[in-house]
Number of protein chains: 2
Amino acid sequence: MEPLTQRQQQVLELITEHIERHGFPPSHRELMLSLGVRSQLAILKHLRALERKGHLVCQPGSSRGITLANRPPRPAMLPIVGSVRAGSPAEALEDTLGYCAADPAWTRGADCFYLRVSGDSMIEAGIQDGDLALVRCQSTAENGEIVVAMIDGQATLKRYYREEGRIRLQPANAALQPIIMEGHQMAGFSIAGRLLKIIRDYR
Amino acid sequence: MEPLTQRQQQVLELITEHIERHGFPPSHRELMLSLGVRSQLAILKHLRALERKGHLVCQPGSSRGITLANRPPRPAMLPIVGSVRAGSPAEALEDTLGYCAADPAWTRGADCFYLRVSGDSMIEAGIQDGDLALVRCQSTAENGEIVVAMIDGQATLKRYYREEGRIRLQPANAALQPIIMEGHQMAGFSIAGRLLKIIRDYR
DNA sequence: GTGTCAGGTATTTATTTGAATACCTATCAT
DNA sequence: ATGATAGGTATTCAAATAAATACCTGACAC
């Protein structure tokens, strides 16, 4: 992107700051005063330059019609669910315990949610009781991926392996046996999502 | 907070949506059209009602002067630092590798940063090589807390114990010995911050 | 019945605002 | 020297806009 002059940078910051503080962009005259300038044309030129360089878009004929461009995608607040019932989609989430921020780079626009982990079945994968798991909603998975598996309405975090004619859900805990499902047992089974992140509190 | 009528809820949603899409609030006339209404006074009354009920603030005499209230604190994007040099404050952070979202409930307004963990010295505390550590900037700590310790300009993540006349930095790894500092060794030592969260990627 | 309130129409007015014109002053590369 | 560019002053004008006035409708409580 074309570089900004010091003055243009200053104007852009003034606009950003005004939006931060008031929730709407400044008018040309307000920018005049903020900038300590006595001409509206000076402002207009700056806006045109900033628009030409791609930092904002001016809505013609609209008061305060300044739309900032290149705004980094802001983090979403995703629900922390206590239980994951039924199918996979978002409406199946029950008992929202609260909300937690998720970096846009984590979700990449995909449908995700947080799950509070209970139990030590994945302890050897570094997942502890009480951890917060960021889960991407999806109904399939690759072998070896950690998934939120739904078995008869119960959610559990396990490693997923599809083998000949059966599915193996492998805990990461030497004290526990894998869950094997074959034949009619597969009916009550589905994948709610795949584990993306683990967030742990040390406070 | 006083409840909204259906119509008022609709107006509030229209305003929020307009701000989302354009970066600035709608004018009275634009709201008129969106709402399918032929009177500006109807809009004015709705705005007054929403203002009275505390959902927004209207800047008198200012076009599009609508400031939404009750905006939830948005997640900040904190820098991921590769090395933590010198003192403790933010300007001492070097080599910004990128940025990552932080929930406002994590930082609670405190000065924080992310640190990419290297090494397995804290493996038994569930902290692995490559994990992302959310660190709260502070220069003191309680016994047993996990801190980012600065030793002669090198950053390291250890459990902190202040004992008689010395400081012990305890790894969580049976294969490693604690770092003991006493006397003149204390000169090159400081605490950069305290561990708040660990974030791990499972992608 | 009567008052209150949410919601509405139609119209007018004063102000805010974007946009334009004409012209000026530096800096800088050619 | 000369043109291009960033930045500026002073002034004007028309459109966008907030705000006000007078009045209407229906639901609902008392």
Side-chain angles (χ1 to χ4, degrees), chain A residues 1-70, chain B residues 1-70:
Chain A
M1 186 165 330
E2 216 176 329
L4 295 184
T5 65
Q6 276 198 352
R7 198 64 161 157
Q8 288 168 358
Q9 184 69 41
Q10 191 185 353
V11 174
L12 187 57
E13 278 169 17
L14 273 175
I15 295 172
T16 307
E17 199 179 309
H18 190 285
I19 293 177
E20 287 294 312
R21 198 156 29 232
H22 301 94
F24 52 91
S27 69
H28 292 188
R29 280 172 171 79
E30 285 167 351
L31 276 176
M32 259 177 56
L33 297 176
S34 307
L35 215 57
V37 148
R38 263 175 295 279
S39 157
Q40 303 167 58
L41 186 58
I43 300 302
L44 200 58
K45 283 184 178 176
H46 281 134
L47 289 180
R48 296 256 164 84
L50 286 168
E51 189 168 24
R52 180 171 46 80
K53 294 183 178 178
H55 288 82
L56 48 78
V57 177
C58 289
Q59 195 71 26
S62 186
S63 69
R64 302 173 189 270
I66 299 174
T67 307
L68 289 181
N70 315 319
Chain B
M1 186 164 329
E2 218 177 328
L4 295 183
T5 67
Q6 276 199 354
R7 200 61 160 159
Q8 288 166 357
Q9 184 69 41
Q10 192 184 353
V11 174
L12 188 57
E13 277 170 19
L14 272 175
I15 295 172
T16 306
E17 200 179 307
H18 190 285
I19 293 177
E20 286 293 312
R21 201 161 24 235
H22 300 94
F24 52 90
S27 68
H28 291 187
R29 271 162 229 267
E30 284 166 351
L31 276 176
M32 258 177 57
L33 296 177
S34 307
L35 213 58
V37 148
R38 263 175 298 278
S39 156
Q40 302 169 56
L41 186 59
I43 301 302
L44 199 58
K45 282 184 179 176
H46 283 134
L47 291 180
R48 294 256 164 85
L50 287 168
E51 188 168 25
R52 179 171 48 79
K53 294 182 179 179
H55 288 80
L56 47 78
V57 177
C58 289
Q59 195 71 25
S62 186
S63 69
R64 302 173 189 272
I66 299 174
T67 307
L68 289 181
N70 315 319

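Any value given below was found using the heavy atoms of this structure, including those in side chains, with hydrogens, waters and symmetry copies removed. Proteins get letters first, then strands, A, B, ... in listed order; numbering begins at 1 in each. None of these values were measured; they are calculated from a predicted model.
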Between CG on residue A:Leu14 and CG on residue A:Leu35, distance to nearest 0.5 Å: 6.0 Å
A:Ser63 side chain near D:dT17 phosphate (N/O to OP1/OP2, under 4.0 Å): yes
Heavy-atom side-chain contact between A:Gln8 and A:Lys53 under 4.5 Å: yes
Nucleotide D:dG8, atom C1' - distance to CD of A:Gln10 in whole Å: 14 Å
Presence of A:Arg48 side-chain N/O under 4.0 Å of C:dA20 phosphate oxygens OP1/OP2: yes
The single option from B:His28, B:Gln59, B:His22, B:Glu30 passing side-chain contact (heavy atoms from CB on, under 4.5 Å) against B:Arg64: B:Glu30
For A:Met32 against A:Ser39, the heavy-atom pair lying closest together: CG-O, 3.4 Å
Residue pair A:Pro26 / A:Ile66: nearest heavy atoms and the distance that separates them: O-CD1, 4.0 Å
Nearest-Å distance for atom pair CD/C1', residues B:Glu30 and C:dT17: 14 Å
Whole-Å gap separating P (D:dA18) and CZ (B:Arg64): 7 Å
Shortest non-hydrogen separation from A:Phe24 to B:Thr67 and the atoms involved: CE2-OG1, 3.5 Å
Presence of A:Ser27 side-chain N/O under 4.0 Å of C:dT17 phosphate oxygens OP1/OP2: yes
Nucleic acid footprint by protein, nucleotides 5-15 of chain C - heavy-atom cut-off 4.0 Å, B for base, S for sugar-phosphate alone: -SBBBB-B---
Nearest-angstrom distance from the residue atom CD of B:Gln59 to C1' of D:dT17: 15 Å
Rounded distance (Å) that lies between atom C1' of C:dA19 and atom NE2 of A:His28: 8 Å
Rounded distance in Å - CG (A:Leu47) to P (C:dA19): 9 Å
Any B:Glu51 side-chain heavy atom under 4.5 Å of B:Val57 side chain: yes
Between P of D:dA15 and CG of A:Leu44, the distance in whole Å: 17 Å
Distance in angstrom units between A:Phe24 CZ and C:dG18 P, rounded: 12 Å
